[in-house]
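Report on the structure given below.
Numbering of residues begins at 1 and proceeds along the displayed sequence.
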Amino acid sequence: MRSWSIHVGRLFGVEVRLHLTFVILPLFVFWTEYNSHGSANGPRDLALVGIVLACVAAHEIGHMLVARRAGLIPKAVILLPLSGVTVFDESRAEKPASAEAAWKREVRIALTGPLVNLGFALVAAGVILLAGVGAHLREWPFLQPSNLPRSLVWANIYLAGLNLLPAYPLDGGRILRAFFARSLDSAAATRRAVSISHALAMILMVAGLFSDTWLTMVGVIIFSAAQLEERAVIFQSVFATLSPADTLEDALDKAVHSLQDDFPVVRGSDMVGVISRQRILEALRMEGNGYVQAVMNKLFEVSARQESLASAFRKLTSRNLSIIPVVEDQRLVGIVTLQNLMHSMALLAESRKLRRNEQSS
């Protein structure tokens, strides 16, 4: 599994990554401008992309700040062209007192992003009107490189409206998932919300073929973001994870509070390595405090769900691995460690032995 995002910095101590689908946006803006006017203005096209990126960043900052106040610890945020995905450290998160409290917290965090965008839109519109710039805020098209002040206002409005769609991981979809989570576990609620998101994304993509091509792009981004978030939630629900940017001391602190011996190292929502509790201790003794990325094992096999235990065991032992992700249709569905695999094989052998004894008697 490959990581489809690049590190661009840190903000409030949180790793910020730019998803590679953002490359689509400048190409798309250039293409639409060229089709509409027979020419394109490169610097203005890039400025419009910069406005969209700034609006998405403001949206996610709102989420992060409110999440922190609610007891959630953001580890990383991945910026996509129309939204973002924030990955939280579930092992250090404060647990809500009740299911109702969890539901209210999720709704509060989800609504913050659109409210931030609407606030910026109002402020920008007010400044433009007071300055007498003549941006003609009500003229179509609302997003246009030739009128960047108007685009700043409407980019925020569009992002606020778009994120209220019931498509996970957009904010409306997060509220929908929180509603499902009142009666389902986190992974099942996520899968149900993702299924709805995929259906909505397909509708938008098809609708865009017959009307506005922007709808097609929105559909593609929603589809990609839903898969990205689904993998992240499954990782968090199945296993305690580490980030490659975690220090070894932080990793050890998490390890001693977990029953696991082995930890997937996850960047965003992609598994990029594995590390054991023993390896963390050895690295701290020999090299002092450093980062997980420097000492993790970057080589690991992937096992299919229908593979036998013996096949998974051979993959683990052939490379001296301790952990292997299980995938189905290129989606993570579980994780197997050498420890629980050997335990399962021992139970299977004992079960077969009991059946043979029963048959012989």
Side-chain angles (χ1 to χ4, degrees), residues 1-10 13-20 72-79 85-93 186-187 227-303 312 315-327 330-341:
M1 292 180 285
R2 295 180 296 172
S3 176
W4 290 92
S5 61
I6 57 174
H7 176 83
V8 294
R10 300 186 73 83
V14 178
E15 182 185 18
V16 179
R17 303 188 67 82
L18 192 66
H19 198 259
L20 294 184
L72 294 173
I73 309 299
K75 288 200 302 185
V77 58
I78 304 172
L79 301 178
V85 174
T86 302
V87 181
F88 296 103
D89 187 348
E90 297 293 330
S91 65
R92 296 162 59 194
S186 178
Q227 289 187 314
L228 182 72
E229 185 79 352
E230 182 186 25
R231 291 201 302 270
V233 171
I234 291 173
F235 266 126
Q236 294 165 2
S237 64
V238 173
F239 248 58
T241 64
L242 297 174
S243 165
D246 284 339
T247 66
L248 292 174
E249 288 182 353
D250 288 340
L252 181 61
D253 182 61
K254 294 178 185 178
V256 297
H257 290 92
S258 171
L259 297 177
Q260 293 172 210
D261 292 322
D262 305 280
F263 298 84
V265 182
V266 179
R267 177 183 288 125
S269 67
D270 293 323
M271 185 171 168
V272 295
V274 294
I275 191 169
S276 66
R277 190 198 311 259
Q278 186 63 32
R279 177 63 182 133
I280 295 171
L281 286 168
E282 289 175 356
L284 278 170
R285 290 194 191 108
M286 296 176 63
E287 304 167 21
N289 195 24
Y291 291 96
V292 169
Q293 183 170 345
V295 297
M296 68 184 184
N297 188 352
K298 299 178 182 178
L299 299 176
F300 56 92
E301 290 279 357
V302 175
S303 181
K315 287 183 176 181
L316 284 167
T317 54
S318 64
R319 289 195 175 184
N320 196 27
L321 305 176
S322 57
I323 188 171
I324 186 168
V326 182
V327 298
Q330 297 184 339
R331 296 191 304 171
L332 178 76
V333 294
I335 295 174
V336 173
T337 66
L338 182 60
Q339 184 180 13
N340 62 30
L341 182 60

Donor-acceptor pair, distance only, cut-off 3.5 Å: does the side chain of N289 make one with the backbone of E249?
yes
State which residue, out of L252, D250, V295, fulfils the side-chain contact (heavy atoms from CB on, under 4.5 Å) condition with I280.
L252
Locate the shortest heavy-atom distance separating R277 from A255; write the atom from each residue and the value.
NH1-O, 2.6 Å
Looking at Q293 and K298, what are the two nearest heavy atoms and their distance?
O-CE, 3.8 Å
Heavy-atom closest pair, residues A251 and V292:
CB-CG2, 3.8 Å
D246 vs K254 side-chain heavy atoms within contact, under 4.5 Å:
yes
Measure the CD1-CG distance between I275 and L248 for me, rounded to the nearest 0.5 Å.
6.0 Å
Distance-minimising heavy-atom pair for R279 and S276
N-OG, 3.0 Å
Nearest 0.5 Å, please: how far is OG in S243 from OH in Y291?
10.5 Å
What distance do E282 atom CD and E287 atom CD have between them, rounded to the nearest 0.5 Å?
10.0 Å
Quick check for you: to the nearest 0.5 Å, what is the distance between L242 atom CG and M296 atom CE?
10.5 Å
